[in-house]
There are 2 protein chains.
Amino acid sequence: MTKWSPILWEMDDDRVFKALADRTRRFLLDLLYARDGRTLTELESEVSMTRFGVAKHLKVLEEADLVVVRRSGREKLHYLNPVPIRLIHDRWIDKYAAPRLAALTELKRELEQRDDH
Amino acid sequence: MTKWSPILWEMDDDRVFKALADRTRRFLLDLLYARDGRTLTELESEVSMTRFGVAKHLKVLEEADLVVVRRSGREKLHYLNPVPIRLIHDRWIDKYAAPRLAALTELKRELEQRDDH
DNA sequence: AAAATAGGTGACCATTTGGTCACGTGTCAA
DNA sequence: TTGACACGTGACCAAATGGTCACCTATTTT
């Protein structure tokens, strides 16, 4: 229905949400958020799963454009792309409510800290 | 691992992402984003699915805390809760990158508009 | 050139998920 | 109080998903 401009990127929202629906894939995003540009083998070593499983998950993340890759010889470096996440946010949170919400989530974080020890 | 403060709300991140992974459920959130406080019957009329299907989806959204309900007699009014969405955003987008990203997504939106007609 | 390294493919199986239906409960109005 | 209305439950089936494996290609190193 919507014609997307292919100039910057393509976002298929179903692919993105399906990609985020799996714990392992979210953990892979966490790893890349902490440090970008890792190879499949390096990521595999952080997850208790075979290389094949991890490769499959990374492929799903790529196709959702949540992860972008750069090839370097026989290695494939993985990078986190935050744009689709930002679009999720913008879909259900309006500009004027955002600051108040940010304050609330901040408060939540503080309460957690206080609880943690 | 993290002890959550039950004071404000509980967030099970898996429930949230699984809930968002379905097109119909996202559409229900869109409907509630446009106008809050609707009943099951009203929401059902907007979707080509039986009442049972819609009820099941709403239950999933409730359990994920993406929708909160208020009972009024025999009716059940549904409201959108943006907090879990905000938490998704905060997980993978750092505070300093957010403004630049917002500009990018804004540009994207403009390009779409230009394309659309 | 041979061996080691990094990654890809298609098939397979167990489990989960989406949607429908028959039936049941609580609330309101005539 | 009787019937209409708003919603909930448990069973059921087809389809999609997560994970593993045997086997494959391409690049680098010795």
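Remember, predicted model here, so these are calculated numbers, not experimental data. Here is the naming used below: chain letters follow the sequence lines, and residue numbers restart at 1 for every chain. Note: hydrogens, waters and symmetry copies are ignored here, and every other heavy atom, side chains too, is used.
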Would you tabulate the nitrogen or oxygen pairs shorter than 3.5 Å linking the protein to nucleotides 8-10 of chain D?
from	atom 1	to	atom 2	distance (Å)
D:dG8	OP1	B:K76	NZ	2.6
D:dG8	N7	B:R51	NH1	3.4
D:dG8	O6	B:R51	NH2	3.3

Dump the pairs, protein N or O against N or O of nucleotides 25-27 of chain D, anything under 3.5 Å, distances to one decimal.
from	atom 1	to	atom 2	distance (Å)
D:dT27	O2	A:R74	NH1	3.2

Taking CD from B:E44 and P from D:dC7, how many angstroms apart are they, rounded to a whole number? 9 Å

B:V67 and B:L32: which non-hydrogen atoms are nearest, and at how many Å? CG2-CD1, 3.7 Å

Interatomic distance where CZ belongs to A:R38 and P belongs to C:dA6 [whole Å]: 16 Å

Rounded to the nearest 0.5 Å, the CD1 atom of B:I88 sits from the CD1 atom of B:I93 at a distance of 10.5 Å

Is any side-chain nitrogen or oxygen of B:T39 closer than 4.0 Å to OP1 or OP2 of D:dA6? no

Basic-acidic side-chain contact under 4.0 Å: A:K18, A:D14: yes

Verify same cluster id: B:V83, B:F17 (apolar side-chain graph, 4.5 Å): yes

Taken to the nearest whole Å, NE2/B:H78 to C1'/D:dC7 is 9 Å

What residues, two or more places apart in sequence or in another chain, satisfy salt bridge (charged side-chain N to carboxylate O under 4.0 Å, His left out) together with B:R91? A:D30, B:D13

For A:P84, does its backbone N or O pair with a side-chain atom of A:D65 as donor and acceptor, under 3.5 Å? no

For DNA chain C, determine which residues of residues 18-31 of chain A have any heavy atom closer than 4.0 angstrom to one of its atoms, and list them numerically. none

Looking only at atom types and distance, does a side-chain atom of B:N81 sit under 3.5 Å from a main-chain N or O of B:L66, one as donor and one as acceptor? no

If we ignore hydrogens and angles and just use 3.5 Å, is the side chain of B:R26 paired with the main-chain N or O of B:L20 as donor and acceptor? yes

Look only at the side chain of B:T39 and the backbone of B:E42, and say whether a donor-acceptor pair between them is shorter than 3.5 Å. yes

Winner on side-chain proximity to B:M49, out of D:dT20, D:dA6, C:dG19, is C:dG19

Side-chain atoms of residues 51-63 of chain B: list all donor-acceptor pairs with protein atoms under 3.5 Å, sequence neighbours left out, distances to 0.1 Å.
from	atom 1	to	atom 2	distance (Å)
B:H57	ND1	B:R25	NH1	3.1
B:E62	OE2	B:K76	NZ	2.8

Should A:T41 be listed as having a side-chain N or O under 4.0 Å from OP1 or OP2 of C:dG7? yes

Taken to the nearest whole Å, CG/A:L43 to P/C:dG8 is 12 Å

Can you see which heavy atom on B:L77 is nearest to which on B:S72, and at what distance? CD1-CB, 4.3 Å

Check whether A:H78 reaches the backbone of A:R38 with its side chain - one donor and one acceptor, N or O, closer than 3.5 Å. yes

A:H57 vs D:dT17: side-chain N/O to OP1/OP2 distance below 4.0 Å: no

Degree of bending in the helix from C:dA1-D:dT30 to C:dA30-D:dT1 once both end axes are built from five pairs, to 10°: 30°

Any chance you could measure B:R70, atom CZ, to B:D36, atom CG, to the nearest 0.5 Å? 10.5 Å

